[in-house]
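Input: a single structure, listed below in structure tokens.
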Amino acid sequence: MLRINSKNQTRQRVHDRIRKKVMGTPERPRLNVYRSLNHIYVQLIDDLKGVTLAAASTADDRKGERVTGGNVASAKVVGKKIAELAKAKGFTKVVFDRGGYIYHGRVKAVADAAREAGLQF
């Protein structure tokens, strides 16, 4: 019997494979990216404690500067926001977790913007 996997099931398998190798620590948290059709979400995660240290997304409504999230420009804004939050908490080095997505488009824009704002991967 032929078994057809959806794109999300395939992405989840890739993400599980990546997560076996990538782990965030208190000194170097994991920068996780989740991409939906309309928004992009980014978190700094300490996997040893199992806590989210900082988060940013296009769905946030902070000070009225809500940004639509389905494009590269808004992904750059989120990358810059997460870098600022990370530096405010004292983190300069992170481990990048692309979440099983291809390193292209919005995912790449988040990473590039975070690097430009001072984070090291």
Side-chain angles (χ1 to χ4, degrees):
M1 177 180 246
L2 182 63
R3 192 169 163 187
I4 300 173
N5 290 331
S6 70
K7 283 184 179 183
N8 198 39
Q9 288 172 331
T10 303
R11 182 198 65 81
Q12 189 61 48
R13 275 199 342 261
V14 171
H15 182 58
D16 291 342
R17 200 166 52 235
I18 291 169
R19 286 286 291 119
K20 289 179 185 176
K21 301 172 187 174
V22 175
M23 185 169 187
T25 62
E27 298 83 31
R28 190 170 181 166
R30 177 169 55 100
L31 180 71
N32 183 36
V33 176
Y34 176 74
R35 187 189 75 179
S36 72
L37 287 177
N38 295 321
H39 295 287
I40 191 155
Y41 305 86
V42 183
Q43 295 178 326
L44 282 178
I45 302 170
D46 176 4
D47 288 317
L48 295 179
K49 293 181 182 175
V51 295
T52 300
L53 304 170
S57 74
T58 54
D60 290 344
D61 192 17
R62 295 186 181 160
K63 299 178 187 171
E65 55 187 51
R66 186 172 178 155
V67 183
T68 58
N71 55 27
V72 173
S74 60
K76 289 179 183 179
V77 171
V78 171
K80 188 175 178 181
K81 269 188 201 177
I82 197 69
E84 290 170 357
L85 291 171
K87 287 176 21 180
K89 295 212 178 221
F91 301 113
T92 56
K93 293 186 178 185
V94 296
V95 179
F96 187 69
D97 177 12
R98 61 186 172 92
Y101 300 106
I102 296 171
Y103 187 77
H104 180 71
R106 290 186 284 163
V107 176
K108 184 174 187 274
V110 167
D112 290 343
R115 275 193 201 104
E116 288 175 9
L119 284 184
Q120 296 175 0
F121 297 162

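Quick note: numbers below take in every heavy atom, side chains included, and nothing from hydrogens, waters or symmetry partners.
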Q: Supply the atom-to-atom distance L53 CG to L85 CG, rounded to the nearest 0.5 angstrom.
A: 11.0 Å
**Q.** For the student: nearest non-hydrogen atoms of P26 and F91, plus distance
**A.** O-CE2, 3.1 Å
Q: For the pair V42 and N32, evaluate side chain to side chain contact (heavy atoms under 4.5 Å, CB included) and give the outcome as yes or no after the intermediate values.
A: CA-CA 6 Å; V42 183; N32 183 36; over 6 Å; no
**Q.** Linked, directly or transitively: V22 and L44 (ILVMFWY side chains, under 4.5 Å)
**A.** no
Q. How many angstroms lie between atom OH of Y101 and atom CZ of R106, to the nearest 0.5 angstrom?
A. 8.5 Å
Q) What pair of heavy atoms forms the shortest contact from A109 to K76, and how long is it? A) CB-CG, 3.9 Å
Q. If you take all heavy atoms of A83 and A114, which pair is closest and at what distance?
A. CB-O, 3.9 Å
Q: Check whether any side-chain N or O of S57 sits under 3.5 Å from a backbone N or O of A59 as a donor-acceptor pair, and report yes or no.
A: yes
Q) Can you list the residues that meet the side-chain contact (heavy atoms from CB on, under 4.5 Å) rule with N5, with sequence neighbours excluded? A) R3, Q9, T10, R13
Q: Give, for atom CZ of R28 and atom CD of Q120, the distance between the pair rounded to the nearest 0.5 Å.
A: 8.0 Å
Q: Hey, could you give me the NZ/OG1 distance between K49 and T25, rounded to the nearest 0.5 Å?
A: 10.5 Å
Q) With side chains defined as the heavy atoms from C-beta onward, is the minimum distance between I45 and P29 less than 4.5 Å? A) no
Q. Once you round to the nearest 0.5 Å, how far does CD of Q43 lie from CG of D97?
A. 10.0 Å
Q: Flag yes if V33 and Y41 sit in one hydrophobic cluster, no otherwise; membership is Ile, Leu, Val, Met, Phe, Trp, Tyr, and two members link when side-chain heavy atoms are under 4.5 Å apart.
A: yes
Q) For K87, what residues pass the side-chain contact (heavy atoms from CB on, under 4.5 Å) criterion, not counting sequence neighbours? A) none
Q.
Using the rule that Ile, Leu, Val, Met, Phe, Trp and Tyr join whenever any side-chain heavy atoms are under 4.5 Å apart, tell me whether I18 and V95 fall into a single cluster.
A. yes
Q: State whether D16 and K20 are salt-bridged, where the test is any N-O pair (Lys NZ or Arg NE/NH1/NH2 against Asp/Glu carboxylate O) under 4.0 Å.
A: no
Q: Taking all non-hydrogen atoms of both residues into account, name the closest pair between N71 and S74 and its distance.
A: OD1-OG, 2.6 Å
Q | Minimal non-hydrogen separation, A75 against V110, with atom names | A | O-CG2, 3.4 Å
(Q) Are M23 and V51 linked, directly or through intermediate hydrophobic residues, by side-chain heavy-atom contacts shorter than 4.5 Å (ILVMFWY only)? (A) no
Q. With no hydrogens and no angle check, is any side-chain donor or acceptor of R35 less than 3.5 Å from a backbone partner on I40?
A. no
Q | V14/R98 under side chain to side chain contact (heavy atoms under 4.5 Å, CB included): CA gap, chis, key distance, verdict | A | CA-CA 10 Å; V14 171; R98 61 186 172 92; 4.3 Å; yes
Q. Where do A113 and K80 come nearest, in terms of heavy atoms and distance?
A. CB-N, 3.9 Å
(Q) Working to the nearest 0.5 angstrom, can you tell me the gap between I102 CD1 and H104 NE2? (A) 8.0 Å
Q | Pair D47 + R19, salt bridge at N-O below 4.0 Å | A | yes
Q: Examine Y103 and F121 and state if one hydrophobic cluster contains both, with Ile, Leu, Val, Met, Phe, Trp and Tyr joined whenever side-chain heavy atoms are less than 4.5 Å apart.
A: yes
Q) So is R30 actually on top of F96's ring, under 6.0 Å and inside 45° of the axis? A) no
